[in-house]
Amino acid sequence: LKMKKYLIIKNARQILTMRGFSDKPKIKKEMADLGIVENGVIICEDDKILAVGKNEILKKNRSRFAKVIDASNKVVMPGFVDCHTHLVFSGNRADEFSEKLKGTPYLEILAKGGGILSTVKKTREALNSNWKGLKGSCLKRLKMALSLGTTTMEIKSGYGLDLKSELAMLEMIKELQKSQLADLIPTLLGAHMIPPEIKRRADYVEQVFEMIGQARRKKLAEFCDVFCEDKAFTLEETREILEKAKKTGLKLKLHASQFNDLGAVELGVELGAISIDHLERISDSGIKLMAKTKTIGVLLPGCEFHLGTKNYAPSRKMIDEGVPIALATDFNPGSSPILSIPVILGLACRELKMTPEEAISAVTINAAHALCRGGEIGSLEPGKKADILILDIADYRELPYWFGMNPVSKVIKNGKVVI
Ligand SMILES: [Zn+2]
C-alpha cells in the first residue's frame with residue numbers, strides 16, 4: 001500500500017476559499033464574496049484538498065508525516081486560471097512595438113511584412129525546422145507564468161494557418177503538457193486569420209473543417225475558437241466553422257466584438273459557446289442576452305492597455321446585468337505581450353473598474369468555469385485539486401494594488417511545492 005502524502009498550510013492570515021460555486025460561475029454580488037477564512041489551515045492529501053478551516057481543525061487531523069508550511073501574515077488562494085492565451089509562437093514583435101511608438105502606421109508595418117503574418121511565418125518555420133527551440137521558449141514562458149501563479153492555462157493554436165502547421169501547434173501543446181508546469185487546455189484556432197497564400201476564402205474554410213476533424217480524432221483539442229472580425233472571419237464563415245466543430249464534438253469559444261460588433265455574441269449564445277471573449281464593443285442587447293443564458297464573458301484588458309486604444313469592455317454594465325465575467329491575459333506577441341495575471345488584476349481594477357473581489361473571482365472560479373473545470377479547480381474546497389498560491393501580502397486587496405509586482409511566494413501544484 002502506498003503511503004499517502006500530507007501537506008499542511010497553517011496560520012494563514014486570510015484563505016480565499018472561493019467556495020460554493022463549483023457547479024456554476026459567480027454573477028453580480030456573488031463575485032464580491034471570496035469565502036474568506038481568517039487564521040486558517042488547509043490540509044492536502046496527495047494531490048487533493050482534504051480540509052479547509054480555522055487553525056483548530058488541525059487538532060483532529062494531526063498527521064506526523066505531514067510537511068508543514070507556516071503562512072503567518074500571508075494570503076492563501078487558489079492557483080490562477082489563465083483561460084485565454086496564445087502561448088505557442090516563435091519570435092517576438094518588439095521591433096514593431098518600437099516602430100509604432102515612433103508613429104509608423106500599422107498598415108505600413110503590415111506592408112513591410114510585420115504584424116500577425118510575421119509571427120505566422122516565424123512559427124511555421126520553427127514548427128518545421130526548429131521544434132526544440134520553439135519548445136524551449138514555450139517552456140520558459142510556462143515557467144514564468146507558474147512563478148506568477150498560473151497553475152492552469154488554455155492555449156490556442158492559430159499561428160500555423162494550414163492543416164499541417166495547426167496540427168503541429170496542437171501537438172506542441174500536448175508535448176508541453178508533459179512538463180507538468182501547468183495544466184494546459186488546448187484550443188484549435190485555425191480560424192484566426194486567412195493566410196496570405198489563400199486565393200479563395202472558401203478553400204481555407206474547407207481546410208479548417210479538416211483541422212476540426214483531425215484535431216478531434218487525434219484528441220488534440222478540447223475547444224474550437226474563431227476570430228469573428230472585419231479583417232478575419234465573417235459572421236457566416238464563423239457560423240459554418242462553429243457548427244461543424246459542435247457537430248464533431250468540440251466545445252466552443254469565440255473572439256467576438258473586439259473592434260466591431262458583427263453579431264458574433266448572438267451567434268455564440270445561439271450555438272451554446274462556453275465563453276465569448278474580448279467584448280470591447282458588445283451592445284446592450286448582447287449584454288442582456290449573455291446575462292440571460294449565463295454565457296461567460298472573458299475580458300482581456302491587456303490588449304486595450306498594450307494597444308493604447310482604451311476602448312475597454314463595458315465590464316460594470318456586464319457584471320451589474322448578471323453576465324458571469326472571467327479575466328485572462330490573452331498572452332500573444334502582437335496585442336498583449338503580458339503573461340502576468342497579477343498585472344491583469346491591476347488593470348481590471350484600474351481600467352475596467354472592477355473591485356478587487358470581482359477581479360479575483362474572475363481569475364479563479366469563473367475562469368475555471370470558462371474552461372469547464374469549475375468542479376476541479378478555481379476554489380479551495382475538499383476534493384478539489386491542491387493548486388494553491390501563498391502570497392507575500394497580508395490582505396488580498398494588495399494583490400491588484402501593488403501594480404506590476406509579483407506577490408507570489410509559493411506555488412503548490414497537485415499538492416507539491418513547485419515554486
Ligand atoms: Zn486572443
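Order of appearance sets the numbers: ligands from 1, and atoms from 1 within every ligand. This one's a predicted model, so the numbers in the text were calculated from it and none came from an experiment.
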Point to revise | Closest heavy-atom pair and its distance - L380, M77 | key: CD1-C, 3.7 Å
Review point. Is any protein N, O or S atom closer than 2.8 Å to the Zn ion (ligand 1), and if so, which?
Key: H84 NE2, H86 NE2, H255 NE2, D330 OD1
Please tell me whether [X] and [Y] have a donor and an acceptor in their side chains that are separated by less than 3.5 angstrom.
X	Y	value
N332	S336	no
D277	H255	no
K384	S22	yes
N128	K164	yes

Check your understanding: Quick one: CZ on R216 to CD1 on I212, what's the gap to the nearest 0.5 Å?
Key ->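 Here the rounded value is 11.5 Å.
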